[in-house]
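Single-structure report; data block below.
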Number of protein chains: 2
Amino acid sequence: MQRPVARRRAAPLRGAPSQANLDLEMVARAQPVIERLRAAGIQPSAQRVAVASYVLATDEHPSAERVWTVVKRTLPVISRATVYNTLNLLVRHGLLHELVLAPGRTVFDPKLERHHHFVDDDTGRIIDVPWDAIAVGEPRGLPGLAVREYQVVMRGRQRTARARR
Amino acid sequence: MQRPVARRRAAPLRGAPSQANLDLEMVARAQPVIERLRAAGIQPSAQRVAVASYVLATDEHPSAERVWTVVKRTLPVISRATVYNTLNLLVRHGLLHELVLAPGRTVFDPKLERHHHFVDDDTGRIIDVPWDAIAVGEPRGLPGLAVREYQVVMRGRQRTARARR
DNA sequence: TTCGAGATCTAGACACTGTCTAAATCGAGC
DNA sequence: GCTCGATTTAGACAGTGTCTAGATCTCGAA
């Protein structure tokens with residue numbers, strides 16, 4: 001299969017951006033994200049910056065598939081594997097949390113401050129609950145268990161005016 | 001009164017010398033399970049009794065696939081769909097809890113008393129933590145959220161001699 | 001400038017999990 | 001025995017996440 005038009009490849013973002021004249025505003029907006037990636041020891045490629053720009057700033061709790069959809073709007077040729085790889089990379093480097101809510105329903109959360117989660121039984125909607133809203137004693141006295149992190153997961157219903165079943 | 005447990009027998013399982021003894025033992029053991037199913041309003045078919053006999057008694061936190069494997073030892077022709085359907089049925093009727101630990105890692109827990117969970121980072125092993133081991137204040141004062149159930153999910157490492165990487 | 005090494009990205013195949021469907025079978029009541 | 005509804009079966013299907021081979025990129029060295 002011939003490719004009539006040259007495919008876009010990873011833009012040169014390592015080191016000084018050599019194509020800075022492409023979109024100065026985008027580069028300027030991306031700058032803090034690039035800093036964060038560098039600070040975390042992640043090489044900031046164009047794809048990674050695009051993914052991180054969305055997923056580290058949203059409060060949507062997006063799924064991987066949703067991230068792919070959104071990021072494609074600004075970087076149309078990014079592949080699914082790259083999105084998954086980048087999300088895993090961000091999780092491994094502690095910039096992102098992964099929440100598994102139900103079978104086949106994994107979601108990402110950039111909020112790094114400690115907080116709890118509430119999951120709506122009907123809609124599956126996730127709501128962040130401030131850490132101070134629930135009094136939880138530090139788990140200790142658990143022989144043989146070194147607790148790295150913990151949180152309260154609540155399930156129930158969100159009492160909105162309409163959502164009733 | 002007594003229900004034939006394995007009505008249609010297809011193929012003998014390899015290396016099962018005393019299948020008859022196994023069946024007798026199973027029938028005797030199945031009686032309380034049948035009662036529980038009936039009490040929950042579930043029609044106790046042979047397949048359901050076989051699934052429930054294992055999954056309601058284990059402390060293994062098995063996955064659906066694991067349940068299928070184990071149940072097939074006593075009921076060789078049970079289909080995957082039936083196992084999934086039965087597990088969902090048990091969950092819907094409150095005899096079983098579903099835990100989603102990681103993408104593609106859903107597990108079932110027959111322990112109905114309130115308790116918390118600890119997940120080992122390295123091995124994925126799940127450990128039940130008694131309710132009283134952690135002081136958690138009742139979640140309230142959460143505007144618009146009707147909490148049905150909640151628990152603490154801890155992650156970290158189990159300090160055993162072996163769990164090492 | 002050219003080259004090569006290593007990092008990154010892509011497309012698609014693959015594996016796994018869970019659901020759905022149509023048809024077969026069961027079992028209770030007539 | 002017959003019928004009807006519930007249940008089960010096998011396999012197809014759908015969604016999610018990983019893996020692979022090869023292409024492309026960047027950088028530093030020659």
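Lettering follows sequence order; numbering is per chain, from 1.
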Given B/Arg157 and B/Asp120, is the salt bridge (Lys or Arg N to Asp or Glu O under 4.0 Å) satisfied, shown in steps? CA-CA 5 Å; B/Arg157 283 185 178 168; B/Asp120 189 293; over 6 Å; no

If a protein heavy atom is under 4.0 Å from the base, mark B; if only from the sugar-phosphate, S; if neither, -; do that for nucleotides 13-19 of chain D going 5' to 3'. ---SBBB

Residue pairs passing the ring-ring contact (aromatic ring centres under 6.0 Å, His included) test with at least one member in residues 88-140 of chain B, sequence neighbours excluded, are B/His61-B/His117, B/His115-B/His117, B/His116-B/Trp131, B/Trp131-B/Tyr150

Determine: side-chain N/O of B/Gln47 to OP1/OP2 of D/dT8, distance under 4.0 Å, yes or no. yes

Please give, in whole Å, the distance from C/dA7 P to A/Leu89 CG? 13 Å

Between CH2 of A/Trp68 and P of C/dG12 the distance, given in whole Å, is 10 Å

Can you check whether A/Val71's main-chain N or O pairs, donor with acceptor, with A/Thr74's side chain at less than 3.5 Å? yes

Measure from CD on B/Gln43 to C1' on C/dT25 and round the result to the nearest Å. 15 Å

Length of the line joining B/Leu99:CG and C/dG18:P, which is rounded to integer Å: 12 Å

Between B/Thr82 and D/dT9, is there a contact of a side-chain N or O with OP1 or OP2 at under 4.0 Å? yes

All heavy atoms of A/Pro44 vs all of A/Val49, minimum pair found to be CB-CG2, 4.0 Å

I want to verify a distance call: between D/dT7, D/dT9, C/dC9, whose nearest atom is closest to the B/Arg48 side chain? D/dT7

Nearest whole angstrom, please: distance from the C1' of C/dA11 to the NZ of A/Lys72. 13 Å

What's the CD1-C1' distance between B/Ile78 and C/dT25, to the nearest Å? 15 Å

Check against side chain to side chain contact (heavy atoms under 4.5 Å, CB included), B/Leu37 and B/Gln43: CA-CA 7 Å; B/Leu37 293 181; B/Gln43 196 73 261; over 6 Å; no

Taking A/Arg148 first and then B/Asp121, would you say they form a salt bridge - that is, a charged N and a carboxylate O separated by under 4.0 Å? yes

